[in-house]
Amino acid sequence: MLKALETNINPDSDAIVHNVLPVSYLMTQHYDNRAICLSLHPECPPIGLETLKIDDFQLHASSTKRYGLGAHRGRLNIQAGLYEDDLYDGAWCAGRNDPLQWFEVDARRLTRFTGVITQGRSSLWSSDWVTSYKVMVSNDSHSWVTLKNGSEDLIFLGNREKEIPVRNIFPSPVVARYIRVNPCSWFHSGSICMRVEILGCPLPGDGFAPRSISSFPWLMFKKIHHEFFFIVPPQFMKVVNELCPNITRIYNIGKSQNGLKLYAIEISDNPGEHEVGEPEFRYTAGSHGNEVLGRELLLLLMQFMCLEYLSGNQRIRHLVEETRIHLLPSVNPDGYEKAFEVGSELSGWSLGRWTNDGIDIHHNFPDLNSMLWEAESKKWIPRKMANHHVSIPEWYQSENASVALETRALIAWMEKMPFVLGGNLQGGELVVTFPYDRTRSQGVAREQTPTPDDHVFRWLAFSYASTHRLMTDANRRACHTEDFAKEDGTINGASWHTAAGSMNDFSYLHTNSFELSMYVGCDKFPHESELPEEWENNRESLLVFMEQVHRGIKGVVRDLQGRGIANAVISVEGINHDIRTAADGDYWRLLNPGEYKVTARAEGYSFTSKKCEVGYKMGATRCDFTIGRTNLSRIREIMEKFNKQPIKLPVRQLQARRSRERHLGTS
C-alpha cells in the first residue's frame, strides 16, 4: 500500500521528490510527482531545533543512554566535542535498542506539522543512525495518533549513514502540539541515535489544542517566500549600484576554480579612489561555501547602507564619507552552489565547505607564524627580519603548491588595498575569534597564543560580540559544546582549536590589516524564514565593528619637501609589531586609549619620535611625521645624479685602509 521514495534533488530544477506518498495518491495523478508536492503541499519551515528556538525543556525522550546523549542533544547538525563525554555528545541516543523508544518535541502551541528531517549521531568513534521510523502526534501528550497510510502505519525511510540529512514530507499536514519520532529500525552495528528537525507552521493564537487530530487542508495556507534570500550576488549588487551609483562600485578580485567571478562592492563617497587619510575596511563571507548566513548578511548590509545613506541617516553618511568600505559576500561560490543545490536543511554540516578542488580557503594561507617565531628564537628580529610584513615563502608561490585560486585572489587583493581592519563572517557558532589562530607550542591543540596587539584584538572582538543580540547573553544555550557567552562571546583562536595558515594570522603578519572571524549564528545555512531575525541579531554589530577602524592614531609621513613617503615603518613603543605607510605616505595604527611613544622611520631617512595620545571618543588621533634624509643617503643621491657611483668596500677593507693612512701620517 505504501511507496517510499528517496529524496532526490534535480540540479536543473528546484522540484523535489518527497520520501513518502501513498500509492493511491500517485496513481490518481497525471502530473509530475514533484510538481504536485510543491503546488498542493506548501512546506513549512523548521520549527527551530537547530537554531535553538526550541529550548531544551521542549525536548523529551523515552530513555537516554547518558546525559550527554539526552534529548537536548537531538538537534539537527549538533556537533559532538572533540572528546565525546557525558556533557556534550552528538545526538540523542536511547537507553535501549527496541521499537518502543521515541524522541518527542513539544511545540507549546498548535502547529501545522509537515515533515521531519533526521541525521545519525555526530561521532568520530561510533556509527549510529536510525534507518526507519514512525511519526506520532498528540494534543495532550497522553493520547497519541500514528500517521497512517490508509489503515496501516506510515513507515518513513531514515538515514543510510550518520551525516547526510534525510527529509520526509507527510502526505498531508497534521495539526497538533506534540510530535514524536518512533524508531523502527537502526543500523545493525549501531544503536538508536538521532538528530532531528521538525518542519511546522505555528497556528495563530494561543488557543487550547482540540481533542482530535485531523489533517489540515494545506490549500488554506500560503507559503511566504523571502525573495531576498537566494539571490545571485552580482545581480543584487547591480541593483544596489543602480540605486546608489555615487557611493558604490562593483569589481571582481578574481575567479573560482569553476570560473565564477569573486565580486566585491565598494561603498565610499569617492568609489574607485583611495583618499589620503581615509582608512579602508573589508568584510568577507562564504570562505566556507555552506556557511551561507554571512553571505546573506553582507548582501543585506550593502542594501541597508545604500538606503540609509539616501534617507539621510547621519551615522551611515559619516561612515561612508570617512571610510572606504569593501564587501565581498561570496569567497567560495563553487561551494555555495553545492550547498544551495540540496537546500538549507539538507546540506548537513560540511557539504560545500571546501572549494571545488577540496581546499579549505580560510586555512589555505601560508603559515607565517612559524617563520616569525623561528626568527624570534634565533634573535633575528629586527636585524635580519622585520616583525611585520613577513614575506610569503617561495614554495607557496609556485604553481604546484596546493593553493586555491580563490586564496591567491584574496592575497592579491589584500596586498593591493591598504586595509586597516577586516572581518570574515562564518557560521555554526556564536563567537568572535581573534589571532593568533595557531598555537605556538608544537603538538598542543589548545593554548592561549596572543599577538603583541592582544589588548586591541580583545577590544575589537568585544565590540562585535557585545552589540550582538545573543553572543553575550548568559542565558542562551550553547550552540554545540562550548558556552562562549561565559567568555564575553570572544575567544583567542588558538585557545579554541589550533589552525595553521589562517586568514586572520596571515593578514596580521603580512599586511597592516587586523582581521577577526565572526561566527554569526548556530545554523550555518538557516532557512529563509530565519533571515530577518538573524539580520536584526547582527545589524548593529556589523556597523559598530566597522566604526572601530577609526580607533587609534592616523597620519602621514612626509619628507622635508612635503611629499608622502611610502613604506615608512611606524613603531609603537612596547608593542613588538610595526606597520607601514601606504603609497601616499598615510598610515592608520589601531590602538586602545592611552599615551604612546610612536616612531617613524624609512630607508634613507633619519627617524623621529613623538608622543601620541588616543582618547576614548571615536575618531583616530592625528599624528603626522616629517623626516629628513640622512647624510649618507644624500651623498649617494648626489653621486648617482652625476653618474659617480660610490665606492663600495667591505668594512674590513675600509678599516685596514684607514689604519694604513693613520700609520703613514704618523711616520
Side-chain angles (χ1 to χ4, degrees), residues 228 231 233-253 263-285 294-330 413-414 416-425 460 463-464 467 512-516 518 520 535-536 538-556 582-584 586-588 590 617-622:
F228 49 75
I231 320 168
Q235 297 174 0
F236 190 76
M237 289 179 182
K238 186 176 180 181
V239 172
V240 174
N241 177 245
E242 290 174 350
L243 191 61
C244 295
N246 295 328
I247 63 166
T248 61
R249 177 179 71 97
I250 302 170
Y251 64 100
N252 78 81
I253 69 167
Y263 284 101
I265 191 168
E266 174 190 341
I267 304 176
S268 170
D269 58 343
N270 286 297
E273 296 180 26
H274 170 73
E275 299 179 67
V276 176
E278 186 171 283
E280 307 221 9
F281 175 93
R282 70 168 179 260
Y283 270 133
T284 60
R295 170 187 184 275
E296 305 305 323
L297 290 177
L298 292 192
L299 293 174
L300 291 173
L301 178 62
M302 63 182 71
Q303 179 192 50
F304 173 82
M305 295 191 71
C306 169
L307 295 175
E308 291 298 302
Y309 184 89
L310 294 177
S311 68
N313 184 320
Q314 289 304 305
R315 180 188 186 188
I316 300 302
R317 280 186 167 268
H318 182 267
L319 197 55
V320 171
E321 291 166 2
E322 300 297 326
T323 321
R324 192 182 183 198
I325 301 164
H326 304 259
L327 306 179
L328 177 58
S330 193
W413 185 49
M414 295 162 73
K416 179 180 179 181
M417 302 290 186
F419 292 117
V420 180
L421 179 61
N424 54 83
L425 306 189
L460 292 171
S463 71
Y464 193 99
T467 50
N512 288 340
S513 182
F514 288 30
E515 182 90 7
L516 293 84
M518 291 80 179
V520 292
W535 165 246
E536 289 303 318
N538 287 276
R539 176 174 56 84
E540 181 63 17
S541 300
L542 290 166
L543 297 175
V544 167
F545 186 74
M546 277 195 286
E547 292 170 335
Q548 303 311 305
V549 76
H550 296 284
R551 181 175 295 278
I553 60 175
K554 66 177 183 179
V556 182
D584 297 308
D586 46 347
Y587 77 91
W588 308 263
L590 297 175
K617 292 184 178 180
M618 188 59 66
T621 301
R622 188 87 190 192

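Since the structure is predicted, the reported quantities are computational estimates derived from the model, not experimental observations. Counting from 1, the numbers follow the sequence of the chain as shown.
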Non-hydrogen side-chain atoms of S463 and R551 separated by less than 4.5 Å
no
Looking at E278 and H274, would you say the former's side chain and the latter's main chain have a donor-acceptor pair under 3.5 Å?
no
d(I250 CD1, F236 CZ) to nearest 0.5 Å is 11.0 Å
Spacing of CE belonging to M417 relative to OG belonging to S513, to within rounding of 0.5 Å:
12.5 Å
Mind running side chain to side chain donor-acceptor pair (under 3.5 Å) on T284 and N424 for me, showing each step along the way?
CA-CA 5 Å; T284 60; N424 54 83; 5.1 Å; no
Pairwise distance CD1(I247) to CE(M305) - rounded to 0.5 angstrom:
7.5 Å
The single option from Y263, F419, Y283 that satisfies ring-ring contact (aromatic ring centres under 6.0 Å, His included) with H326 is F419
Would you mind checking if R282 and E515 are paired as a salt bridge, meaning a charged N to carboxylate O distance below 4.0 Å?
yes
Report the distance from atom CD of E275 to atom OG1 of T323, rounding to the nearest 0.5 Å.
10.0 Å
Closest non-hydrogen atom pair, M302 against L327
CB-CD1, 3.7 Å
Among L301, L299, L297, which residue meets the side-chain contact (heavy atoms from CB on, under 4.5 Å) test with P329?
L299
How long is the gap from CG on N512 to CD on E280, to the nearest 0.5 Å?
11.5 Å
Sub-4.5 Å side-chain heavy-atom contact between N538 and M518
no
Sub-4.5 Å side-chain heavy-atom contact between W535 and L542
yes
Judged by atom type as modelled, is there a donor-acceptor pair below 3.5 Å linking the side chain of T467 to the main-chain atoms of Y464?
yes
Heavy-atom closest contact (Q548 atom, L460 atom, distance)
CB-CD2, 3.6 Å
Please lay out, stage by stage, how R315 and E308 fare under the test salt bridge (Lys or Arg N to Asp or Glu O under 4.0 Å).
CA-CA 9 Å; R315 180 188 186 188; E308 291 298 302; over 6 Å; no
In Å, rounded to the nearest 0.5 Å, how long is the span from SG of C306 to CD of E242?
11.0 Å
Minimum heavy-atom distance between L421 and V549, given as atom pair plus value:
CD2-N, 3.7 Å
Determine yes or no for a side-chain-to-main-chain donor-acceptor pair under 3.5 angstrom, with E322 supplying the side chain and V320 the backbone.
no
Taking the side chain from E266 and the backbone from R324, do they hold a donor-acceptor pair closer than 3.5 Å?
no
D584 and V556, any side-chain heavy atoms less than 4.5 Å apart:
no
With side chains defined as the heavy atoms from C-beta onward, is the minimum distance between K554 and P279 less than 4.5 Å?
no
Which heavy-atom pair separates L319 from M546 by the least distance, and what is that distance?
CD2-CE, 3.9 Å
L425 and L298: which non-hydrogen atoms are nearest, and at how many Å?
CD1-CD2, 3.7 Å
Which atoms form the tightest heavy-atom contact between I265 and Y251, and what is the distance?
C-CE2, 4.5 Å
Is there side-chain contact between Y309 and I267, with at least one heavy-atom pair below 4.5 Å?
no
Distance-only, no hydrogens or angles: does the N313 side chain make a donor-acceptor pair with backbone N or O of I316 under 3.5 Å?
yes
